[in-house]
Amino acid sequence: MPLYKCHIPKNSIPSDAKAQIAEGFTDVHCGITGAPRHFVHVMFFDASKAGSEDGAPYFIDGINRAGRSAEVKHQILDGLKATFSEVAGVPLSEISGRIGEIPASHFMEEGVILPEPGEEGAEWHTVGAALRE
Amino acid sequence: MIDFECIVQEGVIAADLRPGLTTGPVAVCTSLLGEPAESVRVSFTEVPEGSGFKGGEPSRTSLVMGTIPPGCESQLRTQLLKDIEDMWRRTTGCAVDEVVVAATDHPN
């Protein structure tokens, strides 16, 4: 975690832009939270209709570990939307999003139960490191 | 009702593995939670090639996202997560950093 699912109009964003957005999202999330980059998941799905309940054609559906302040979540979402807008050339007014929360203890990633935000020890940054060497 | 959505990257999980990956969470939930098999639903969502990323790089990771009845005790939930992760790795042969499992409370 986190997971960011981007629902976009069919064929609206080329592959290289998706990769740039994913890298940008990772920069935003990790820059604000300090989370290790390898935990950030980003995916894109073509939508056959408007991607959000408010009718915006582009919708970022995020899931984070629970426990961060509303201010931090706003900061993350604003950063994601700005990144998406800049890379994809889509006006901010056409991008909607939300960040939902799930308790960290409800996730297992890289073989461990995720720690609560703010309770990450030094080992958090090395989980799975050996696998990637 | 228990729901598991298996989000997999296109081309990573062979189609012939899906039956085993479907029955796996059912077996774990019936064994650990005592739920009837017919109350466990497993679905697959495929992330199109070139559309899934982890750490900003192309991803091979599967996400097994479950909702279970509220009130599951912590130790039991951890065992559930571990058993499903083990099943997924055993069936697919994937590495430990190529599967994420969630079991959160059903919103009712």
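Chain A is the first sequence line, chain B the second, and so forth, proteins listed ahead of strands; every chain is numbered from 1. Atoms considered below: every heavy atom in the structure, side chains included; atoms not considered: hydrogens, waters and symmetry mates.
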Given the options B/Val100, B/Asp97, B/Thr61, A/Glu110 meets side chain to side chain contact (heavy atoms under 4.5 Å, CB included) only with B/Asp97
Output for pair (A/His106 NE2, B/Cys72 SG), nearest 0.5 Å, gives 8.0 Å
The interface call for A/Phe45 against chain B, heavy-atom contacts under 4.5 Å, is side chain
Hits for side-chain hydrogen bond (donor to acceptor under 3.5 Å, both in side chains) against A/Lys73, two or more places apart or cross-chain, chain-then-number order -> A/Glu101
Residues of residues 18-27 of chain A with a heavy atom under 4.5 Å from any heavy atom of chain B, in residue-number order, are A/Lys18, A/Ala19, A/Ala22, A/Glu23, A/Thr26
Turns out that what part of B/Ile7 lies under 4.5 Å from chain A's heavy atoms comes down to side chain
Solution key, residues 84-91 of chain B side-chain donor-acceptor pairs under 3.5 Å, sequence neighbours excluded:
| from | atom 1 | to | atom 2 | distance (Å) |
| --- | --- | --- | --- | --- |
| B/Glu85 | OE1 | B/Lys82 | NZ | 3.1 |
| B/Glu85 | OE2 | A/Gly111 | N | 3.2 |
| B/Thr91 | OG1 | B/Met87 | O | 2.8 |

**More than 12 heavy atoms of other groups within 6.0 Å of A/Glu71 CD** = no
By residue number, those in residues 23-52 of chain B with heavy atoms under 4.5 Å from heavy atoms of chain A are B/Thr45, B/Glu46, B/Val47, B/Pro48, B/Gly50, B/Ser51, B/Gly52
Please check if atom CD in B/Glu10 has more than 12 non-hydrogen atoms from other residues, nucleotides or ligands closer than 6.0 Å. yes
### Query
Can you find a heavy atom in the side chain of A/Met43 that is under 4.5 Å from one in the side chain of B/Gln9?
yes
If one checks every heavy atom of B/Ile68 against chain A at 4.5 Å, the contacting part turns out to be neither
d(B/Met65 CE, A/Phe107 CZ) to nearest 0.5 Å is 4.5 Å
Open item on the list: Quick check: do B/Val99 and A/Glu109 have side-chain heavy atoms less than 4.5 Å from each other?
Closed with: no
To the nearest 0.5 Å, atom CG of A/Leu3 lies from atom CG of B/Leu63 at 6.0 Å
- Item | Joint hydrophobic cluster, B/Phe4 plus B/Leu17, side-chain heavy atoms closer than 4.5 Å | yes
When every non-hydrogen atom of A/Met108 is compared with those of B/Thr78, the smallest separation belongs to CE-O, 4.3 Å
